[in-house]
Structures are given as structure tokens and as C-alpha cells.
Protein chains: 2
Amino acid sequence: MAPSDGNMREKIRQVALESFTERGYDGTSLREIAEQLDVTKAALYYHFKSKDAILLSLIVELLDAMSELVAWGREQPFSPDFQDEMLDRVADLFFGDANRVVRLIQQNQPVLRSLAADAANKQVRDVGELKALIGEVITLMTPADCDLHTRMRIRTAVAAIIFGPITGEQLGDTLEASPDEQKKISLAIARELLAI
Amino acid sequence: MAPSDGNMREKIRQVALESFTERGYDGTSLREIAEQLDVTKAALYYHFKSKDAILLSLIVELLDAMSELVAWGREQPFSPDFQDEMLDRVADLFFGDANRVVRLIQQNQPVLRSLAADAANKQVRDVGELKALIGEVITLMTPADCDLHTRMRIRTAVAAIIFGPITGEQLGDTLEASPDEQKKISLAIARELLAI
DNA sequence: GTCTATAAGTAGATAGAC
DNA sequence: GTCTATCTACTTATAGAC
């Protein structure tokens with residue numbers, strides 16, 4: 001095989017993301033990934049030191065974006081405008097490329113749990129961190145003194161944005177609407193929830 | 001080992017549900033299940049003809065409950081009261097035992113897809129049917145002539161009920177509330193969405 | 001950077017004794 | 001109903017040639 005043009009690592013990432021969400025992490029063998037790229041299994045090991053490392057590299061991307069978002073949020077004073085702006089940023093993220101990673105995470109939680117377990121020993125980014133980051137986004141969006149009902153409304157609003165892009169397929173209802181339309185309406189509904 | 005007391009099949013189901021959601025379907029070997037029950041792998045094969053069959057039997061339970069719900073819904077005339085009643089029934093189901101099966105399904109979609117693929121050949125219940133059933137519940141709850149925004153509000157409301165019991169753990173926010181309280185408030189929020 | 005070859009392990013499933 | 005023993009078919013991962 002001719003040497004790759006230098007972005008084999010990225011190609012592997014993309015094929016892996018596709019395969020992992022399609023047939024699952026466990027259900028995808030490195031052989032399959034290699035075949036799709038017309039290389040051998042062993043070649044993959046040149047670019048990633050293990051199968052786990054491929055999965056991890058996909059998730060770290062989202063982890064980094066969320067870390068940045070939270071860092072920004074921490075420096076903003078709470079206000080309705082802040083809620084709005086935060087919601088917008090979350091939507092930009094999760095209606096973008098990140099939604100495929102969300103699917104990946106949702107569909108492979110057991111694997112990720114075991115990955116997180118030994119991440120602690122290896123000084124790798126903890127995959128479970130994402131949950132904490134989302135939790136903090138919700139906390140940041142929640143006013144100091146508010147009742148349980150209001151807090152759950154905020155949670156529902158954020159969930160609608162984060163899981164919105166993939167609930168359609170999970171719920172089996174058929175909405176004839178472009179992704180952009182869906183994003184706009186999801187945001188509108190989330191705001192309605194915050195405004196009640 | 002002494003002969004089981006006659007409900008070994010059910011014991012296997014329960015241990016499997018626990019293990020499948022904890023470590024995933026692929027991540028759970030029949031050996032592990034057998035060990036937890038203090039029997040050997042081979043013994044499982046007396047009760048289930050394959051590993052798939054165990055998984056399937058767990059899901060069919062929810063499938064049956066949903067089929068019943070849809071059958072009931074089809075015979076009701078549409079009205080706001082019907083929406084309310086349907087929401088209640090969905091909540092009873094998904095805040096009950098079914099939520100563990102939802103987790104199971106959500107966390108093992110790739111496996112289920114391949115299971116569904118050959119279900120057609122074997123005259124087994126199609127696992128993907130669940131999506132269609134939920135889709136129909138949403139359709140039944142949706143008035144004849146209504147705009148996209150309203151339809152997405154209804155979808156969001158139903159999603160909040162179905163995924164409500166498990167979004168807490170997925171979103172990493174910490175709500176100090178009993179399951180019963182959460183159910184009540186989730187239903188209230190879903191109704192707020194329908195009432196907008 | 002990619003290859004062949006193979007190690008070393010584990011999985012699901014079956015046969016047949018008890 | 002449960003056991004022991006075994007088969008077949010993978011898997012991830014490594015070693016070393018090119």
C-alpha cells in the first residue's frame with residue numbers, strides 16, 4: 001500500500017466514529033476499520049496504540065469543547081440573557097458535529113464506564129467528566145434560590161437541546177423538517193420552558 | 001448443583017438485565033451470568049437457546065406493554081383529556097420497571113439493530129418495533145392540524161416522560177428528589193408543554 | 001508506514017454423561 | 001436440570017520483515 005497522504009489518523013477517526021455508532025464499539029473490529037481504509041489491522045496500531053485510544057480521541061474533542069463552554073460560563077454573571085446565550089452555545093455545539101459523539105457515548109456507556117475506571121490510573125482524561133460538565137452547565141443556568149420544579153424545567157430544557165438532534169430517531173416519529181428548522185424550534189421550546 | 005426451584009428462567013432474566021445495563025450486552029459473557037447464579041454456562045442453554053434469546057425476552061415485555069397502550073389509544077377519540085390520560089399511562093410505564101429496559105435498549109442499540117436484522121427471517125418480534133410504537137403514541141397525542149412547533153412540543157413532552165427517569169444520570173445533575181416526586185414534576189412539566 | 005504471521009486469550013455454542 | 005469437556009470462530013495485540 002502506498003503511504004497515506006498524512007492524514008491517516010483523521011481518516012481512522014472518522015471511519016471509527018461511523019462504525020462505532022453503526023455497529024457499536026464492541027461490535028466493530030479493528031479488522032473492519034482497516035478494511036474500509038484499505039490497510040491492515042496492524043497499520044492502525046501505528047497511529048493509535050490501542051482500540052480504546054481511538055474511542056478516547058473521539059470523545060476528548062467534545063470534552064474539550066464542553067470544558068471551554070463551562071470555563072466561559074463560570075465568568076459570566078447570572079441573568080436571563082446569560083441563560084439565553086448559554087442555551088445558544090449549547091445548541092451550536094450539540095446540533096453540530098457533537099451530536100454524533102453524543103450518540104456514540106449514549107450507545108456505548110458500558111464500555112466507557114470500564115474505560116473511565118482505568119483512566120484514573122493512567123492520567124488520561126476521564127470520560128465520565130462529560131457528565132460533570134453538563135451538570136455544571138445546568139447549575140450555571142439555574143438561579144440561586146429556586147424550587148425543584150423550576151430546576152427540573154431547566155434540566156428538561158437543556159436535555160431537549162442536547163438530545164434533541166437524536167431523539168427523533170429514538171422516538172420513531174417523523175418530522176419533515178430540516179436540521180436547521182429543528183434546531184430553531186428546539187431552542188424556542190427550551191426558552192418557553194425557561195420562561196414559564 | 002441442586003435443581004433450581006423452578007424459576008431459574010426468571011432469575012437468569014433478572015441477572016442478565018442487571019449485567020447487560022451495567023457492563024453492556026457484548027461486555028457481559030454468559031460465564032459471568034452463570035457465575036452469579038452459581039451454575040455453569042451450559043446450564044443457561046437449557047433455559048434459553050441463545051444469548052440473544054435472553055436479551056430478546058427482556059425487551060418483548062416492554063414491547064407487549066406498549067402494544068397494549070397503543071391499542072387502547074387507537075380507540076380513544078382525541079381530546080385534551082385523552083392527551084392527559086395517555087401521558088399518565090406512559091409515565092406509569094416508564095417510571096416503573098420499564099425504565100431499566102429503556103436503558104438497556106439505549107445502551108445497546110447497535111446489537112439490537114443486528115438482532116432486528118435477522119428477526120425478519122425468523123418470525124421473531126422485531127425489536128425495532130418499539131420505535132414505531134412510541135412514534136404512534138406521539139401521533140395519537142397530536143391534533144390533526146397543527147404546526148411543526150406544536151408537534152415538536154408534544155414530542156419533547158413525551159421524551160421528557162420516557163427518558164426522564166434516566167436523564168438525571170446521563171446529564172450529571174443532582175436533584176435531591178424521590179422518584180415519585182420526579183415523576184410528578186416531570187408530568188407537570190410535560191403538561192405545561194402541551195398547554196402552551 | 002505498512003506488511004505477514006502468529007501469539008494468547010475469550011467468546012458462544014454443543015455433545016453427552018449423570 | 002445441571003454438569004464436564006470441547007469445538008469453532010473470532011478478538012486484540014505484538015514481533016519483525018520490507
Side-chain angles (χ1 to χ4, degrees), chain A residues 1-17 19-20 22-58 108 110-115 117-119 121-122 124, chain B residues 1-17 19-20 22-59 108 110-115 117-119 121-122 124 127:
Chain A
M1 187 85 226
S4 83
D5 44 354
N7 57 355
M8 182 55 107
R9 195 185 149 90
E10 187 53 28
K11 281 189 195 166
I12 293 172
R13 278 169 42 91
Q14 290 313 311
V15 170
L17 177 54
S19 299
F20 288 166
E22 195 72 26
R23 292 181 297 283
Y25 179 77
D26 289 309
T28 304
S29 72
L30 293 180
R31 185 184 48 77
E32 288 179 274
I33 295 177
E35 271 171 12
Q36 286 188 66
L37 289 163
D38 264 311
V39 296
T40 62
K41 237 180 351 173
L44 303 182
Y45 280 94
Y46 177 82
H47 298 280
F48 292 93
K49 80 174 219 299
S50 71
K51 192 186 179 187
D52 288 352
I54 301 177
L55 179 59
L56 205 62
S57 95
L58 290 168
N108 292 283
V111 190
L112 294 173
R113 252 193 299 274
S114 58
L115 220 82
D118 49 37
N121 312 329
K122 293 179 190 168
V124 191
Chain B
M1 189 86 227
S4 80
D5 44 355
N7 58 356
M8 179 55 106
R9 197 186 148 89
E10 188 53 30
K11 280 189 196 165
I12 294 171
R13 278 169 42 90
Q14 290 314 311
V15 170
L17 177 53
S19 298
F20 288 167
E22 196 71 27
R23 291 181 298 283
Y25 178 77
D26 289 310
T28 303
S29 70
L30 293 180
R31 184 184 49 75
E32 288 177 274
I33 295 176
E35 271 170 12
Q36 286 187 65
L37 290 163
D38 263 312
V39 294
T40 61
K41 229 182 358 168
L44 303 182
Y45 280 92
Y46 177 82
H47 298 279
F48 292 92
K49 79 173 220 301
S50 72
K51 190 187 180 187
D52 288 352
I54 302 177
L55 179 59
L56 206 59
S57 94
L58 290 167
I59 290 169
N108 292 283
V111 190
L112 293 173
R113 252 194 298 273
S114 57
L115 222 81
D118 49 37
N121 310 329
K122 293 181 190 166
V124 192
V127 181

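In the text below, chain A, chain B and the rest are named by the order of the sequence lines, each starting its count at 1.
- Listed pair Tyr46(A) / dG1(C) meets the phosphate criterion, a side-chain N or O lying under 4.0 Å from OP1 or OP2.
- Closest contact between the side chain of Met8(A) and the listed nucleotides dT2(D), dT2(C), dT12(D) involves dT2(C).
- Residue order along DNA chain C, read from the 5' end via each residue's closest nucleotide, puts Ala42(A) first among Glu32(B) and Ala42(A).
- Checked by atom type, the side-chain pair Gln36(B)/Glu32(B) shows no donor-acceptor distance below 3.5 Å.
- To the nearest 0.5 Å, the span separating CD on Glu35(A) from OG1 on Thr40(A) amounts to 10.5 Å.
- Across the protein-nucleic acid pair, Lys41(A) atom NZ and dA5(C) atom C1' stand 11 Å apart, rounded to whole Å.
- Side-chain atoms of Ala43(B) lie closest to dC3(D) of the nucleotides dC3(D), dT12(D), dT4(C).
- An OP1 or OP2 oxygen of dT10(C) is reached within less than 4.0 angstrom by no side-chain nitrogen or oxygen of Arg31(B).
- Contact check for Met8(B) versus Tyr46(B): no side-chain heavy atoms found under the 4.5 Å cut-off.
- Once rounded to the nearest 0.5 Å, the distance linking OG of Ser57(B) with NE2 of His47(B) reads 12.5 Å.
- Leu44(A) has its CG atom 13 Å from the C1' atom of dC3(C), to the nearest Å.
- Within the structure, a side-chain polar atom (N or O) of Ser29(B) is placed less than 4.0 Å from OP1 or OP2 of dA11(C).
- Whole-Å rounding puts the Phe48(A) CZ to dG1(C) C1' distance at 15 Å.
- As rounded to whole Å, 15 Å separates atom C1' of dC3(C) from atom CD of Glu35(A).
- When distances are taken from the side chain of His47(B) to each of dG1(D), dC3(C), dA15(C), the shortest belongs to dG1(D).
- For the pair Asp26(B) CG and dA11(C) P, the interatomic distance rounds to 11 Å; values are reported in whole Å.
- Contact of the Ile54(B) side chain with the Leu30(B) side chain is registered, since non-hydrogen atoms from C-beta on lie closer than 4.5 Å.
- When distances are taken from the side chain of Val39(B) to each of dT12(D), dA13(C), dC3(D), the shortest belongs to dC3(D).
- Rounded to whole angstrom, the span from the OH atom of Tyr45(A) across to the P atom of dC3(C) amounts to 15 Å.
- The nearest whole Å value for the distance from the CG atom in Leu30(A) to the P atom in dC10(D) is 16 Å.
- Between Lys51(B) atom NZ and dT14(C) atom P the separation is 15 Å, expressed in whole Å.
- Residue Thr40(B) has a polar side-chain atom (N or O) positioned under 4.0 Å from OP1 or OP2 of dC3(D).
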